[in-house]
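Below is one structure, written out as structure tokens; comments come after it.
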Amino acid sequence: MDQAEAQKRAQKLRDLLDKYGYHYYVMDDPIVPDSEYDEKLQELVKLEQDFEELQTSDSPTQRIGGAPLDAFVKVQHEIPMMSLGNAFHDQDLRDFDRRVRQGLSESIDYVCELKIDGLAVSLTYENGRFVRGATRGDGTTGEDITSNLKTVGSIPLRLNEPVNLEVRGEVFMPKRSFERLNEQKEKAGESVFANPRNAAAGSLRQLDPKIAANRNLDIFLYAIGNDYEMKTQTHYEAIQYMKRLGFKTNPESKHCEDIEAVIEFVNSWVERRDELNYEIDGIVVKVNHLEQQEQLGFTAKSPRWAIAYKFPAEEKITTLEGIMLSVGRTGAVTPTAKLKPVQVAGTVVQRASLHNEDLIREKDIKIGDQVVIKKAGDIIPEVVRVLEELRDGSEEQFDMPSTCPACESELVHLEEEVALRCINPQCPAQIQEELIHFVSRNAMNIDGLGEKVIQQLFTHQLVSGIADLYKLEKDELLKLERMGEKSVQNLLSAIEVSKANSLEKLVFGLGIRFVGAKAARTLAEHFETMESLRRASRDDLLAIYEIGDKMADAIVRYFELPEANALLDELKELGLNMTYKGPKKQEAVSDTALSDKTVVLTGTLERVTRNEAKELIESLGGKVTGSVSKNTDVLVAGADAGSKLTKAEQLGIEIWDEDQFLDKTAT
Ligand code: IVH
């Protein structure tokens with residue numbers, strides 16, 4: 001076969017394979033036996049091996065999984081991938097509808113979609129070809145997982161039209177595939193995945209695409225990320241358009257005329273959700289008209305035009321086998337229920353916090369009881385109630401001890417608190433918890449100092465407080481269990497490196513009550529040095545917008561403690577950095593060419609990247625949106641601007657070219 005023939009045959013095979021694949025994966029309705037698909041695929045693989053120049057990045061052969069990566073590359077989302085506000089009851093949906101209607105004068109209709117419990121991804125197409133796929137990440141920056149996503153059969157590598165667009169959807173693992181995968185893993189003696197969601201996430205996070213290729217992942221697409229001005233007026237039409245392009249969309253979506261129809265749809269799924277071959281955790285309700293969506297806009301975290309109704313948490317019955325006590329960082333002694341292991345909402349639960357003695361009394365919990373368990377917010381296990389009718393008299397009442405289970409000093413109730421506290425500053429359990437907090441990621445971030453190592457350091461009396469971490473010596477560490485030359489060296493250098501951390505990490509690490517990582521950052525940004533933070537009065541603290549009464553009091557009280565001051569002096573002596581190294585707080589911007597302006601970027605910018613342009617606009621108090629509407633103030637049009645420019649002209653919106661834009665924003 002010569003090159004030209006091979007080229008023709010390859011093209012033919014790709015067209016056939018795309019068609020077979022579409023019917024198999026997207027329509028769930030195969031038109032040829034699997035063997036036929038496999039044969040054609042093998043033929044194409046061979047052709048591409050023989051004629052390397054025939055290889056293309058959108059060939060169906062890419063679905064088998066290409067070469068492994070070394071690491072995932074970060075991708076900035078052009079339009080952030082936001083999350084949704086939650087509704088738990090019918091009334092929450094009616095409230096949502098009221099808020100929506102308040103913002104708009106016209107009548108509203110909605111689209112309801114199943115909320116697929118998988119992993120949000122963004123897919124980018126250029127000229128109808130799949131060029132990039134990314135995880136949601138923190139919503140602003142995700143990871144490039146293109147080669148893994150190419151292995152998902154229902155993601156088209158070529159669309160039916162040569163369009164440029166970004167679509168969003170949810171990758172998931174069908175329940176059956178999940179069960180099969182776990183069976184295989186069990187047989188191989190490997191640890192199993194807790195639920196299909198974790199299995200899908202784990203598969204996409206593999207650097208070797210061959211692993212993802214074997215995991216039978218699937219996807220439903222539910223939104224077009226950019227270019228809302230395309231050919232449609234409504235979300236429902238946008239979904240139909242996506243279908244025509246070749247995307248797999250969820251067949252259960254429903255157009256609802258009003259909120260009562262939405263509520264009916266939502267309730268109909270509470271019972272039926274188990275019938276599906278994939279897991280859903282709720283229903284997403286979206287305002288249908290795109291123009292109205294745009295008018296409603298977004299809060300800091302989520303769109304005002306959509307909400308997620310979350311199904312009631314799954315409940316299970318199990319035996320409460322015992323109550324254990326733990327002493328926290330602040331000395332609070334917390335009872336925890338030890339449960340007979342039971343599967344709830346996808347994971348095995350064997351503990352649940354009982355919070356305090358009052359709660360145990362209120363719920364009348366006894367050891368040996370049959371109890372109803374659920375996961376609050378589907379994450380944290382909780383004892384809902386006791387099934388008193390199942391008692392046989394052997395259940396035992398639980399009384400909180402009067403002394404600390406770790407140091408045996410007397411426990412007290414502070415002020416009005418329900419929690420019992422150990423107030424011995426030398427209590428080993430508390431110090432250990434303090435240390436665990438001090439080295440944790442958002443605090444000093446010392447790698448290699450996990451809970452186990454800290455326990456060892458403590459039992460061997462190598463540390464009895466935070467400052468001792470910085471006095472550890474190599475010889476002592478080498479004597480510990482499972483500590484070789486290399487891990488000791490790594491640990492010591494991680495400790496050394498942490499000395500240079502910016503102030504906020506140390507402030508958070510101190511574990512001052514109510515001061516979380518975010519507040520620690522605010523404090524560090526504001527005071528810049530530990531010295532000025534130490535000297536801050538209650539009023540100085542309250543002058544900071546984010547700091548309230550409770551936190552201000554706790555901070556003042558902390559810095560009055562002689563032990564705290566001694567610790568800080570010692571840490572300084574040991575060489576820890578005591579200054580803020582992050583960016584300075586932005587002064588509020590006002591009166592710039594762009595303050596409060598809504599700007600749309602289109603076409604190719606030559607002198608700055610899209611992201612730089614966006615940052616520039618935001619730094620001047622403007623906002624960047626993806627599509628042109630009557631709310632747009634300025635369109636910045638780069639080279640080859642297309643339909644957005646036309647639309648802006650029609651709407652009489654101010655238009656700047658790149659030079660004008662850079663002129664006006666020059667500072
Ligand atoms: S729309 C602006 N539709 O739910 C937000 N999300 O909290 C647009 N999800 O991270 C999201 N099914 O991963 C939307 N039909 C659906 C969805 C859906 C699942 C997930 C998505 C997102 C989370 C929202």
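Since the model is a prediction, treat every value here as computed from it, not as a measurement. Indexing begins at 1, ligand by ligand and atom by atom, following the structure's order. Heavy atoms only: backbone and side chains are in, while hydrogens, waters and symmetry mates are out.
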Logged contact type for Lys115 with ligand 1, heavy-atom cut-off 4.0 Å, is both
Just to be sure I read this right, does ligand 1 sit under 4.0 Å from the backbone of Leu114, its side chain, both, or neither, counting only heavy atoms? backbone
Does Arg168 come within less than 4.0 Å of ligand 1, judged by its heavy atoms?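 No heavy atom of Arg168 comes that close to ligand 1.
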Does ligand 1 come near enough to [X] that some N or O of the ligand is less than 3.5 Å from an N or O of the residue?
{"X": "Ser83", "answer": "no"}
{"X": "Pro303", "answer": "no"}
{"X": "Trp305", "answer": "no"}

Mutual orientation of the aromatic rings belonging to [X] and [Y] [parallel < 30°, tilted 30-60°, perpendicular > 60°]:
{"X": "Phe508", "Y": "His437", "answer": "perpendicular"}
{"X": "Tyr37", "Y": "Tyr25", "answer": "perpendicular"}
{"X": "Phe130", "Y": "Tyr125", "answer": "tilted"}
{"X": "Phe96", "Y": "Tyr110", "answer": "tilted"}

To which of [options] does the heavy atom nearest [atom] belong?
{"atom": "atom 11 (C) of ligand 1", "options": "Phe298, Tyr222, Phe220", "result": "Tyr222"}
{"atom": "atom 24 (C) of ligand 1", "options": "Asn86, Leu84, Ile280, Ile307", "result": "Leu84"}
{"atom": "atom 15 (N) of ligand 1", "options": "Glu113, His235, Met81", "result": "Glu113"}

Tyr22 side chain to Asn160 side chain, donor-acceptor N/O pair below 3.5 angstrom: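 Asn160 and Tyr22 do not have a side-chain donor-acceptor pair below 3.5 Å.
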Side-chain donor-acceptor pair present, Gln91, Asp95, cut-off under 3.5 Å: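 A pair is found: one side chain offers a donor N or O, the other an acceptor, under 3.5 Å apart.
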In plain terms, say whether Lys254 and Glu252 are close enough for a salt bridge, that is, a side-chain N and a carboxylate O under 4.0 Å apart. no
Could you tell me which atoms of ligand 1, counted from 1 in the order shown, lie closer than 4.0 angstrom to a heavy atom of Met82? 2 (C), 5 (C)
Who's the nearest protein heavy-atom neighbour of atom 13 (O) of ligand 1, and how far? Glu170 OE1, 2.4 Å
